[in-house]
There are 2 protein chains.
Amino acid sequence: METQDLKKAGLKATVPRMKILALLEENKVRHVSAEDVYKALLESGEDLSLATVYRVLTQFEQAGLVTRHHFEGGHSVFELNQGEHHDHILCVKCGRVDEFVDKVIEERQQKIAAEKGYNMTDHSLYIFGICSACQKD
Amino acid sequence: METQDLKKAGLKATVPRMKILALLEENKVRHVSAEDVYKALLESGEDLSLATVYRVLTQFEQAGLVTRHHFEGGHSVFELNQGEHHDHILCVKCGRVDEFVDKVIEERQQKIAAEKGYNMTDHSLYIFGICSACQKD
DNA sequence: TAAGTTAATGAGAATCGTTCGCATTTAGTG
DNA sequence: CACTAAATGCGAACGATTCTCATTAACTTA
Ligand SMILES: [Mn+2]
Ligand SMILES: [Mn+2]
Ligand SMILES: [Zn+2]
Ligand SMILES: [Zn+2]
């Protein structure tokens with residue numbers, strides 16, 4: 001249950017945190033914005049503040065529970081950390097998001113960082129395109 | 001001169017556009033924000049509006065003259081299109097930006113898009129790390 | 001080169017996602 | 001159950017960007 005996950009992450013098990021974590025763990029939603037989380041919880045009868053959603057998601061990010069993505073469009077989207085690191089490919093027409101893992105790219109990035117004298121800490125890779133469904137238009 | 005470049009791009013050769021393009025073509029600044037451009041021009045004695053800088057940079061982007069990047073931090077940065085496409089590696093401490101071209105990664109992206117059924121239109125790749133100078137801290 | 005047409009500009013208001021300040025509530029502890 | 005620090009809700013504030021609209025400047029044509 002969420003209480004344990006939160007404690008493990010060094011966070012007090014408050015109601016808003018548990019609700020938000022429970023929502024993410026349902027896995028019905030992935031790549032959600034703070035607004036998405038807020039609305040989903042409101043609709044399911046919870047009463048909480050948008051500011052809290054932002055705060056909690058940021059705390060979850062810092063605790064390593066979620067990853068924040070900057071899919072274009074000026075707002076952050078979050079996803080629960082589960083399974084291995086992956087990157088994303090997005091449809092610029094319908095907003096569909098697919099995930100992929102590519103060992104070759106991961107290694108190349110390490111090599112490039114090393115060549116440039118950087119100590120690599122992170123990376124962000126998005127491929128944009130038209131998904132198969134949207135190509136039939 | 002800038003007049004020709006603008007005409008070629010299908011844009012009226014107005015004063016603000018020429019000043020902005022001239023600034024970018026000086027090549028003393030790369031990866032600049034709209035605010036950077038605005039301040040630089042103010043300091044060099046030009047008088048123009050920040051709204052115009054935003055408008056012009058967006059037009060330049062649409063005309064293919066500049067590329068817009070979303071280096072983390074909630075604001076866009078622009079760079080003049082010259083030479084080949086490249087990606088970026090950024091220092092998370094000092095903000096230094098280096099550029100690189102990697103054929104292997106480019107090809108892999110194409111392959112991934114194809115596998116996922118996407119018609120790839122674009123991609124964005126940023127590597128983050130600590131630059132060699134900042135590692136000595 | 002002056003007049004006309006249309007697009008571009010300047011100034012500031014508006015927008016949008018996100019953060020902040022502060023009074024109030026709550027979780028964890030003994 | 002009382003205590004203390006931390007978390008929350010609310011609304012104001014924020015920063016980057018866009019918009020509105022009156023004014024001005026670029027191309028066109030005569
Ligand atoms: Mn994902
Ligand atoms: Mn560059
Ligand atoms: Zn699509
Ligand atoms: Zn550095």
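Since the structure is predicted, the reported quantities are computational estimates derived from the model, not experimental observations. Naming convention: chains lettered A, B, ... in sequence-line order (proteins, then strands); numbering from 1 in each chain.
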S.K.: Round to a whole Å and report the spacing from CG of Leu6(B) to P of dA7(C).
M.R.: 17 Å

S.K.: Within residues 38-53 of chain B, find the residues that approach DNA chain C with a heavy atom at under 4.0 Å, and present them sorted by residue number.
M.R.: Asp47(B), Leu48(B), Ser49(B), Ala51(B), Thr52(B)

S.K.: So, is Arg55(A) close to the dT19(C) phosphate, meaning a side-chain N or O under 4.0 Å from OP1 or OP2?
M.R.: no

S.K.: Give me each pair satisfying salt bridge (Lys or Arg N to Asp or Glu O under 4.0 Å) with a member in residues 112-128 of chain A, each pair once, sequence neighbours excluded.
M.R.: none

S.K.: Would you list the atom pairs, donor with acceptor, under 3.5 Å between side chains in residues 126-137 of chain B and any protein atom, with sequence neighbours excluded?
M.R.:
residue	atom	partner	partner atom	Å
Tyr126(B)	OH	His70(B)	N	3.0
Gln135(B)	NE2	Gly117(A)	O	3.1
Gln135(B)	NE2	Ile130(B)	O	2.8

S.K.: Cut-off 3.5 Å, no hydrogens considered: what does the side-chain donor-acceptor table look like for residues 19-28 of chain B, sequence neighbours left out?
M.R.:
residue	atom	partner	partner atom	Å
Asn27(B)	OD1	Gln82(B)	NE2	2.9
Asn27(B)	ND2	Gln82(B)	OE1	3.4

S.K.: If a pair satisfies ring-ring contact (aromatic ring centres under 6.0 Å, His included) and one of its residues is in residues 33-56 of chain A, list it, with sequence neighbours excluded.
M.R.: none

S.K.: Is the shortest side-chain N/O distance from Tyr54(B) to OP1 or OP2 of dT18(D) below 4.0 Å?
M.R.: no

S.K.: To the nearest Å, how far apart are Arg17(A) CZ and dT25(C) C1'?
M.R.: 14 Å

S.K.: Short of 4.0 Å, heavy atom to strand atom, which residues of residues 57-74 of chain B count as contacting DNA chain D?
M.R.: Gly74(B)

S.K.: Who pairs with His86(B) by side-chain hydrogen bond (donor to acceptor under 3.5 Å, both in side chains), at least two apart in sequence or on another chain?
M.R.: Glu79(B), His88(B), Glu99(B)

S.K.: Residues in salt bridge (charged side-chain N to carboxylate O under 4.0 Å, His left out) with Glu106(B), at least two apart?
M.R.: none

S.K.: N/O contacts under 3.5 Å, protein versus nucleotides 22-30 of chain D?
M.R.:
residue	atom	partner	partner atom	Å
dC27(D)	OP1	Ala13(B)	N	2.8

S.K.: For Gln4(A) and dA27(C), give me the distance from atom CD to atom C1', rounded to whole Å.
M.R.: 15 Å

S.K.: Using rotation axes that map the C1' atoms of four end pairs onto the next four (five pairs an end), what angle separates the end axes of the helix from dT1(C)-dA30(D) to dG30(C)-dC1(D), to 10°?
M.R.: 30°

S.K.: Mapping Ala34(B) and Pro16(A) onto DNA chain D by nearest heavy atom, which one lands closer to the 5' end?
M.R.: Pro16(A)

S.K.: Salt bridge check: are Asp98(A) and Arg96(A) linked by an N-O gap of less than 4.0 Å?
M.R.: yes

S.K.: With sugar-phosphate meaning primed atoms plus P, OP1 and OP2, does Ser33(A) contact a base, only sugar-phosphate, or nothing at under 4.0 Å between heavy atoms?
M.R.: nothing

S.K.: Quick one: salt bridge (Lys or Arg N to Asp or Glu O under 4.0 Å) pairs with a partner in residues 49-66 of chain A, sequence neighbours left out?
M.R.: Glu61(A)-Arg68(A)

S.K.: Report the residues that fulfil salt bridge (charged side-chain N to carboxylate O under 4.0 Å, His left out) with Glu43(A), sequence neighbours left out, ordered by chain and then residue number.
M.R.: none

S.K.: Rounded to whole Å, please give me the gap between NE2 in His75(B) and C1' in dC16(C).
M.R.: 18 Å

